[in-house]
Participant: 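The structure follows.
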Amino acid sequence: MKTVDNKDMSLKIVTLVENARNGNRLSFHELVSLFQEDIYRLAYFRTFSQMDAEDLTQDVFEQAYRKLATLNEPRRFRALLYSIAVNRCNDLLRKRKYTALLHRRNTEEQDFSTSDKNMNSCYGDRIDKKTFWKQVKLMLGKLSTMEREVFTLRFMDHRNINEIASILGKNESTVKTHLYRALNKIRAHAEFFKEHRELIS
Amino acid sequence: MKYQTTGHLRDEQIIWAVIDKQELSGEARQHLQVCEACNIKVEQFSGDLQDFGREARQAVPPFSGTVKLPAAKPSMGSHYGGWLPFFGAVAMAGLLMFFYFMGMQTVTPIQYTMLQQQENLLEDEALMREISEMVEYPLSDDIYRITGENGAGYDDDFLDFIVPGMQDDSQSELFI
């Protein structure tokens, strides 16, 4: 049933992409509404800032709109979108590193405060989320750039190995090797998962 | 087929099982099918990762903005993409030619020193040639007499006439 749904979805995406390429803005708007949340989340998992993630989402769709004409296979639209998003996030993180060197601003504090501004949640929940993201940052910080990328795409963005290979422009074996290394390091954080399991239960 | 196994799956095999079961050796795969303990380990690690992902997605603050599209229609990359690389290649070739020819006319410090040494040598040679010519063909006595060289014509009377002595000066003052 799920496969049939996926197939229908793929067909819908292909049709929308083809229409958008012919200048149908409504079709592209529909594509935006389909992928907006995914791209925003992808950006948030990398920047940990709501403001940056929203700006990046806007940039990604603008760039995708411009690149639509050069896309030979409409079924690769999702990969194109993710690929743009990953690259834009990396650009921003690189820029942020240089800026941090110059200004030495405490991005962590600022980012978490801005990300909480629109949350209609209680104080305790906010603290939980803050602690959660701090732990995530700590955990991801132990990984190399490629390991982090592959891990995030696989378990946070829920992409399969084939899609990750397509997004990053690597072969599947390379992706699996990076994922293995990442998981090997992540296993050391067993307590983190245990705590979460308890929290969820 | 990453690892061979005899008993329960090792930690690295558990990880490979989470990534892709097809990466395990046939023996390990068979073991995984029958061994409950190993299966639980794989499922637990896989479940932890899935839960973590779910939790992460739920912890993301909601998207509050709206995506605005640029006014222009998607540009047809074929025209743009065809000419731009061509012009780029031509400009690059021009630059390369320019730097190549500039490079040919540029003299390195070592080359410059060598050239200077050669010039000095040539200058020395020219001087030596002039000296040897003067030795071989000295000026005739008549010319010496005209020019006054060799002391001819510069006697004491002539010099007194040119530069009068102190005694003469005091006498001239008395006359005044």
Side-chain angles (χ1 to χ4, degrees), chain A residues 20-23 25 28-29 32-33 36-37 39-41 44-45 50 53-55 57-58 60-62 65-71 114-120 128-129 132-133 136 139 151-152 154-158 161 172 175-176 179-180 183-184 186-187 190 192-194 196-197 199-200, chain B residues 1-3 8-25 28-29 38 40-85:
Chain A
R21 279 168 69 164
N22 294 328
R25 285 170 72 88
F28 196 82
H29 270 295
V32 170
S33 59
Q36 180 176 288
E37 285 294 322
I39 296 300
Y40 165 69
R41 268 199 300 262
Y44 189 86
F45 291 150
Q50 185 181 4
E54 283 179 357
D55 289 347
T57 309
Q58 171 68 37
V60 169
F61 281 107
E62 267 185 36
Y65 189 66
R66 288 198 194 96
K67 280 196 170 181
L68 211 55
T70 58
L71 185 69
T114 52
S115 64
D116 284 340
K117 73 180 178 192
N118 291 328
M119 275 189 198
N120 296 322
D128 280 351
K129 278 178 180 162
F132 172 77
W133 286 121
V136 170
M139 192 172 72
F151 176 83
T152 315
R154 180 72 189 92
F155 296 106
M156 294 166 86
D157 296 316
H158 263 247
I161 303 283
E172 287 187 23
V175 171
K176 283 178 187 173
L179 198 55
Y180 170 78
L183 290 183
N184 207 14
I186 295 273
R187 261 178 83 98
F192 171 70
F193 290 121
K194 205 187 267 178
H196 262 272
R197 218 180 300 139
L199 266 173
I200 290 164
Chain B
M1 305 284 169
K2 296 284 177 191
Y3 298 100
H8 284 299
L9 296 187
R10 292 189 303 271
D11 280 353
E12 59 263 35
Q13 287 173 310
I14 300 282
I15 296 174
W16 277 115
V18 169
I19 296 168
D20 186 0
K21 286 193 178 86
Q22 298 302 313
E23 291 292 327
L24 293 172
S25 66
R29 241 180 295 161
C38 288
I40 287 171
K41 274 186 187 175
V42 172
E43 291 304 319
Q44 196 172 46
F45 190 35
S46 184
D48 283 347
L49 291 165
Q50 299 298 331
D51 287 343
F52 163 72
R54 201 176 305 120
E55 181 76 5
R57 279 194 300 281
Q58 280 168 3
V60 173
F63 183 73
S64 61
T66 45
V67 174
K68 290 173 199 121
L69 293 186
K73 201 184 147 188
S75 60
M76 292 307 286
S78 53
H79 302 291
Y80 180 68
W83 282 100
L84 196 67

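Nothing here was measured: the structure is a model prediction, and the numbers come from that model. Letters go in sequence order (proteins before strands), and every chain restarts at 1.
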Participant: Check each atom of A:Tyr40 against the heavy atoms of chain B and say whether the ones under 4.5 Å are side chain, backbone, both or neither.
Facilitator: side chain
Participant: On a heavy-atom basis, which atom in A:Glu54 and which in B:Pro62 lie closest, and how many Å separate them?
Facilitator: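 It is OE2-O, 4.1 Å.
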Participant: Between chain B and each of A:Val175, A:Thr57, A:Asp157, count heavy-atom pairs under 4.5 Å; write down the option with the most.
Facilitator: A:Thr57
Participant: Can you check side chain to side chain contact (heavy atoms under 4.5 Å, CB included) on A:Ile186 and B:Phe52, steps first, answer last?
Facilitator: CA-CA 12 Å; A:Ile186 295 273; B:Phe52 163 72; over 6 Å; no
Participant: Contact between B:Arg57 and A:Phe45 at the side-chain level, heavy atoms closer than 4.5 Å - yes or no?
Facilitator: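 Yes - at least one pair of side-chain heavy atoms lies under 4.5 Å apart.
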Participant: Where do A:Phe155 and B:Asp51 land on the side chain to side chain contact (heavy atoms under 4.5 Å, CB included) test, with the steps shown first?
Facilitator: CA-CA 9 Å; A:Phe155 296 106; B:Asp51 287 343; over 6 Å; no
Participant: When only pairs under 4.5 Å are counted, which of A:Leu179, A:Thr152, A:Ile161 shares the most heavy-atom pairs with chain B?
Facilitator: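 Heavy-atom pairs under 4.5 Å are most numerous for A:Leu179.
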Participant: Walk me through it: do B:Asp20 and A:Glu172 pass the test side chain to side chain contact (heavy atoms under 4.5 Å, CB included)?
Facilitator: CA-CA 11 Å; B:Asp20 186 0; A:Glu172 287 187 23; over 6 Å; no
Participant: For A:Tyr180 and B:Trp16, take the angle between the two ring planes, folded into 0 to 90°, and tell me which bin it lands in: parallel under 30, tilted 30 to 60, perpendicular over 60.
Facilitator: parallel
Participant: Does atom NZ of A:Lys176 have more than 12 heavy-atom neighbours from other groups under 6.0 Å away?
Facilitator: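 It does: A:Lys176 NZ has more than 12 such atoms within range.
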Participant: Looking at every non-hydrogen atom in both residues, tell me the closest pair between B:Ala56 and A:Met156 and how far apart they are.
Facilitator: CB-CE, 4.0 Å
Participant: Given 3.5 Å as the limit, does a donor-acceptor pair link the side chain of A:Glu62 with the main chain of B:Val67, or not?
Facilitator: no
Participant: CD/B:Glu12 to CZ/A:Arg187 distance, rounded to the nearest 0.5 angstrom?
Facilitator: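 That separation rounds to 9.5 Å.
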